[in-house]
There are 2 protein chains.
Amino acid sequence: MLKYQQIANEIEQYINEQQLKQGDKLPVLEQMMSQYAVSKSTITKALELLERKGVIFQLRGSGIFVRRHNRPGYMSLFSTQGFKSNLGDRVLTSDVIDVSVMKPDATVAKNLGIDVSDDVYRVERVRYVDGEVLCHEESYYVKAIVPYLNREIVADSIFDYVQSALGVTIGFSDMYLQVDRLTEGEAGYLGLQENDPTLRIETIFHLTNGKPFDYSRITYHYAHSQFVIQANGPYM
Amino acid sequence: MLKYQQIANEIEQYINEQQLKQGDKLPVLEQMMSQYAVSKSTITKALELLERKGVIFQLRGSGIFVRRHNRPGYMSLFSTQGFKSNLGDRVLTSDVIDVSVMKPDATVAKNLGIDVSDDVYRVERVRYVDGEVLCHEESYYVKAIVPYLNREIVADSIFDYVQSALGVTIGFSDMYLQVDRLTEGEAGYLGLQENDPTLRIETIFHLTNGKPFDYSRITYHYAHSQFVIQANGPYM
DNA sequence: AAGTATAATTGTACCGGTACAATTTAACAA
DNA sequence: TTGTTAAATTGTACCGGTACAATTATACTT
């Protein structure tokens, strides 16, 4: 692991262990430099990472401060989207409904930038947090990139698998949000009524080289999905 | 304006003017260095800014490439949240319902980190994109930080005003998302029916020094609000 | 006590450099 | 042609430095 990532992790761990609150001051840059025995720019990169993550904010002339939002119940939108799993102490489980190889329809092919004759894995799941229904997910993986999946892998974290077993690294993703009403089928999976409100998120995950490899449609249970996004400045 | 911001702007402008598409390659780092006559680290900072904004992605050993999402109809979630106004060519207007000074209730005071005896501005608006109802907004500004507002200012962009006229700079914000049903009153403003689905977003805007100065509750028209979020890597 | 100028603190912008890892291209061999 | 190896390309990590702007603390005045 890179130095600045390692340092960022240690600082975050320190904040959690010491149970620091919003506004609490961290050691100054110069002290961190000597503590971790690295140059200023390395510390700066570590802090920048934490700033983007919403863990700290920096104020020139003053210091480095802890940033915390004040609503414990809310999940980070990105944590439910394959990213860093900071659901805290909450447990994420899945019911696997389908894992199969198939040909994509026109919409799926377009979103994945492939041909309708190329193979994809189709995965359908219902996901739970602490036993409560969170969402229904239907996702498609480019088989040329993810050559093998099974129910066991899919029951756990697919992203951990492709990352560690296949050495595939996720670069960026485009998420499309929309509020809508549930169809009858979806309502069944979520234990709700047809036409109940829902948040639909379609996401296209790209590798670091820009190639799409996963297109997923998620339908959230409106009562069990409260999200937080920590944004930075006018320049985000 | 800072060098790296200026360069970032020029690069983005170049991409738009040349109508570059997803995957198109930009000049290499070294050429940019000589073109703008700055050091490598300055170019790197400019590119990093654009990467966070979702405008480019960089691939070591290969080059710098244009990133574009492929759904023209969708608005960036942050552009409707006071941030960079890249709604493209779409026009944002407002009906001002209320601008008044008052004492906050307990909830508002808590979210703004002030006392119920402190003054706040209350602003209520209905917002439109290209004439269609987008959302109903109710927001509260700490009067100690924003000492004066009127209907004219509020009809335009409040953030531009506080930024330019008051010299106040926005640091970061916490956004809380939730799907729910409309109340009768809200439905009236949005031209919808009671119990129709809606996206509610509460946002707390902070200054660079970490002090909250704006707490707003926005209720979106489900049929006219489609959002895109361009996220970066597992480390966001 | 309250304001005002001054100095110390502290993070950010920017420079210029070395080493390196990932990718692409070129050269080569089967 | 096809696969393999080597070399060139290209962005990233990390170092160490100077200058500076924003904040905070101090000393000084009134």
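Model, not experiment: these values are computed from the prediction. A note on names: the letters A, B, ... follow the listed sequences, proteins ahead of strands, and every chain is numbered from 1.
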Output a table of donor-acceptor pairs, distance under 3.5 Å, between side-chain atoms of residues 144-156 of chain B and any protein atom two or more places apart or on a different chain; print 'none' if there are none.
residue, atom, partner, partner atom, Å
B:Tyr148, OH, B:Asn150, ND2, 3.3
B:Asn150, OD1, B:Glu152, N, 3.0
B:Asn150, OD1, B:Ile153, N, 2.8
B:Arg151, NH2, B:Val96, O, 2.8

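- The side chain to side chain donor-acceptor pair (under 3.5 Å) search around A:Asp24 returns none, not counting sequence neighbours.
- Along DNA chain D, the stretch of nucleotides lying under 4.0 Å from any heavy atom of chain B spans, 5' to 3', D:dT9 to D:dT12.
- Of all the residues in residues 55-66 of chain B, B:Arg60, B:Gly61, B:Ser62 reach under 4.0 Å from DNA chain C with at least one non-hydrogen atom.
- Scanning residues 21-43 of chain A for heavy-atom distances under 4.0 Å to DNA chain D yields A:Val38, A:Ser39, A:Lys40, A:Ser41, A:Thr42.
- The shortest heavy-atom contact between A:Arg68 and A:Leu20 is NE-O, 2.9 Å.
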Write down the protein N/O and nucleotide N/O pairs, taken from nucleotides 2-4 of chain C, whose separation is under 3.5 Å; answer none if there are no such pairs.
none

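- Ion pairing between A:Glu202 and B:Arg71 holds under the 4.0 Å rule for side-chain N and carboxylate O.
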Checklist entry - Yes or no on side chain to side chain contact (heavy atoms under 4.5 Å, CB included) for B:Thr44 and B:Lys40, after CA distance, side-chain angles and deciding distance? => result CA-CA 6 Å; B:Thr44 304; B:Lys40 178 155 34 175; 4.0 Å; yes
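- Note: B:Tyr74 and A:Tyr176 have perpendicular aromatic rings, judged against thresholds of 30 and 60 degrees for the angle between ring planes.
- A:Arg217 pairs with exactly one of A:Glu137, A:Glu138, A:Glu124 by the salt bridge (Lys or Arg N to Asp or Glu O under 4.0 Å) rule, that one being A:Glu138.
- Ring geometry for B:Phe213 against B:Phe159 counts as perpendicular: the plane angle is over 60°, on a 0 to 90° scale with 30° as the lower cut.
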